[in-house]
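Remarks on the structure that follows.
Just so we're clear, the structure is a prediction, and the values are computed from it rather than from any experiment.
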Amino acid sequence: MSGLLTIFRNVVEAGFANESLELPVVADLGFSWRPDKKRFFPRGSSDITYPDWMSVSTAVPVGTGRADLLRELAEIRSAVAHADTMTDEECADLHRSVESLAGPYEEYFTQWFDEHDVDWVCAVNMTLSDAVPVTLGLHRAAAKRWPVGVPGGVLFWDHDLFASYSVFEEGARVYPPAPNQFTPLPGTHPCHRWAVVSPGLAEEVKGYPTQLSATTVPNILPTVGAGELQDRHHSFLEQRELASDRPLLLVPVRVFHVKGVEISVSMFAEIKRICEERRLPVPYLLVFGSLDEDPPYAHKVVSLVQELNVQEDVVFLDGVPLSSHQDAADLWRLDEIDLLRMCRASGGAVLFTPNTSDVESVGLGPALAAVSEVPCAITDYACFEEIYGTLSSCVKLSGGNELSAAAARLLDLMVKSSQGDPDVQEGLKRDKEKVLESFDPEPWRKLFQGMAHDVAAPGTSEASGSS
């Protein structure tokens, strides 16, 4: 699951959200319109198990019999990214292509909203141009569902925007650096609200051609409990043949080419070498993401694991679920919170090493480490200082000769924390307090209360009736 979906899990499970939401939350996770997720098109993986509070649509608004649909979606996304170089005739052709897909999605969303009697729809990262026909269809369906004077609407919730998410594939930019004539923006209808996850994104929005401003609503972090591990944690280790006396290092990212998993693997190899020199237990490295999302990049990462001869110590979790459960083979699949608990109990750490400095708007790795009271290693990405400032338990690296030194510094923090070093433990507590202050849940509370108030019928509680 993407990081933003796990944040939404935290939002839903927060006490103030439970007061406002009718469960289950109905969701469409976008598998039918993402051309870059070929292994999951059009209904997602059959292996995914969703939590009870979420009901996921498997609808395919444009029939799979349309043989070239993936190619068509990919061509539209590419053309939108480079619209400023197109001729008038090419722009007209692109508009026709967009309209041919926007219609079916408008009809689908219209029926979906009616079927579930939706008050508010949360459009996650749909301002980006992954599938502008779908966003356009959503805008139109929402305008029909919530005309002027009818309460409810769309909350556009963005973790990434055009300028700050400079992802490249095969040398070409995936998204335009700024909105253009093909990118529907929030603010075209009174039923729209807009929330972004950082001040930097809110500032970027100010330069967009829309009258709607974006409210900064920080991500809500999970609560990572301390204390003894439970049976499911021990079973997870046993089922994967992992020794219980070895620390766990977590890489809480998707296996996607900008996430820099290869840097984490290289750093881990250095940590292993140093542990063997010092005769310390060698940690395990647990990588969260699915190997099916970006197969060429996954192959690169797996090949590096073998080249560095750490394959016995690296575990690819192949996707971390939103909630812990046993799968059809009775194997435990643990969620982010349980994995962080195990990391903390084992004396481990978090590695967060994007290989591109300008694709993260927040970068949750350091925050997850902080709330778990474990040290963290990061590459020096652009927005880190804005979001986190200085964290005493965070080790920065930039590769090359620094890799070995950073690995040694991180290992020193891990060992001292496990040994109860008062300075290190006090630093971890300070980092946790600082991060929790930065990721204040109060803006989400106010947002939910306002949305619930808007749709509350006369004479009912402001915190009821919203779904």
Return the orientation label for the [X] and [Y] ring planes: parallel under 30°, perpendicular over 60°, tilted otherwise.
X      : Y      : answer
Trp33  : Phe109 : perpendicular
His192 : Phe156 : perpendicular
Tyr297 : His257 : perpendicular
Trp53  : Phe8   : tilted
Tyr381 : Phe352 : perpendicular

Verify, without hydrogens or angle tests, whether [X] (side chain) and [Y] (backbone) share a donor-acceptor contact under 3.5 angstrom.
X      : Y      : answer
Ser324 : Asp335 : yes
Trp444 : Pro218 : yes
His299 : Pro296 : no
Ser417 : Leu413 : no
Gln239 : Trp332 : yes
Arg39  : Asp294 : no
Ser78  : Ala74  : no
Asn125 : Asp160 : yes
Glu13  : Pro222 : no
Asp130 : Arg34  : no

So does [X] pair up with [Y], basic N to acidic O under 4.0 Å?
X      : Y      : answer
Glu107 : Arg140 : no
Glu203 : Lys206 : yes
Glu75  : Arg71  : yes
Lys37  : Glu293 : yes
Lys434 : Glu437 : no
Asp117 : Arg145 : yes

Going from [atom1] on [X] to [atom2] on [Y], what distance comes out if it is rounded to the nearest 0.5 angstrom?
X      : Y      : atom1 : atom2 : result
Ile220 : Asp440 : CD1   : CG    : 9.0 Å
Asp119 : Asp454 : CG    : CG    : 10.5 Å
Ile7   : Trp157 : CD1   : CH2   : 6.5 Å
Asp431 : Cys376 : CG    : SG    : 10.0 Å
Ser290 : Leu317 : OG    : CG    : 11.0 Å
Leu4   : His159 : CG    : NE2   : 5.5 Å

Smallest separation among heavy atoms of [X] and [Y], with atom names:
X      : Y      : answer
Gly227 : Arg341 : O-NH2, 4.2 Å
Pro179 : Tyr208 : CD-CE1, 3.5 Å
Leu447 : Ala195 : CD2-CB, 4.5 Å
Pro247 : Gly348 : CB-CA, 4.1 Å
Pro104 : Val62  : CB-CG2, 3.9 Å
Ser372 : Arg344 : O-CD, 3.0 Å

Do the side chains of [Y] and [X] get nearer than 4.5 Å, heavy atoms only?
X      : Y      : answer
Asn355 : Thr379 : no
Leu185 : Thr127 : yes
Arg232 : Asp338 : yes
Pro186 : Thr210 : no
Val305 : Phe268 : no
Phe384 : Cys394 : yes
Met451 : Val455 : no
Leu23  : Val12  : yes

From CA spacing to verdict: side chain to side chain contact (heavy atoms under 4.5 Å, CB included), Val315, Val287:
CA-CA 6 Å; Val315 180; Val287 181; over 6 Å; no
Donor-acceptor side-chain pairing of [X] and [Y] below 3.5 angstrom:
X      : Y      : answer
Tyr105 : Ser32  : yes
Ser361 : Ser198 : no
Asp28  : Tyr108 : yes

Take Glu433 and Arg430, measure what salt bridge (Lys or Arg N to Asp or Glu O under 4.0 Å) needs, and give me the verdict at the end.
CA-CA 5 Å; Glu433 292 172 358; Arg430 284 197 305 270; over 6 Å; no
Set out, in order, the CA-CA distance, both residues' side-chain angles and the distance that settles salt bridge (Lys or Arg N to Asp or Glu O under 4.0 Å) for Lys259 and Glu360, then state yes or no.
CA-CA 9 Å; Lys259 295 298 183 179; Glu360 298 291 341; 2.9 Å; yes
What do the steps show when you test Glu72 against Ser100 for side chain to side chain contact (heavy atoms under 4.5 Å, CB included), and what is the final call?
CA-CA 11 Å; Glu72 189 175 357; Ser100 73; 3.6 Å; yes
Over 12 foreign heavy atoms within 6.0 Å of NZ, Lys144
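Count over threshold, so yes.
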Side chain to side chain contact (heavy atoms under 4.5 Å, CB included) for Leu286 and Met342? Distances and angles first, verdict last.
CA-CA 11 Å; Leu286 275 57; Met342 295 177 68; over 6 Å; no
Walk me through whether Ser264 and Thr353 qualify under side chain to side chain donor-acceptor pair (under 3.5 Å).
CA-CA 6 Å; Ser264 290; Thr353 57; 2.7 Å; yes
What's the verdict on side chain to side chain contact (heavy atoms under 4.5 Å, CB included) for Leu250 and Leu340, showing C-alpha distance, side-chain angles and the deciding distance?
CA-CA 8 Å; Leu250 304 185; Leu340 289 167; 3.8 Å; yes
Single hit among Leu351, Val251, Leu249 for side-chain contact (heavy atoms from CB on, under 4.5 Å) with Met267:
Leu351
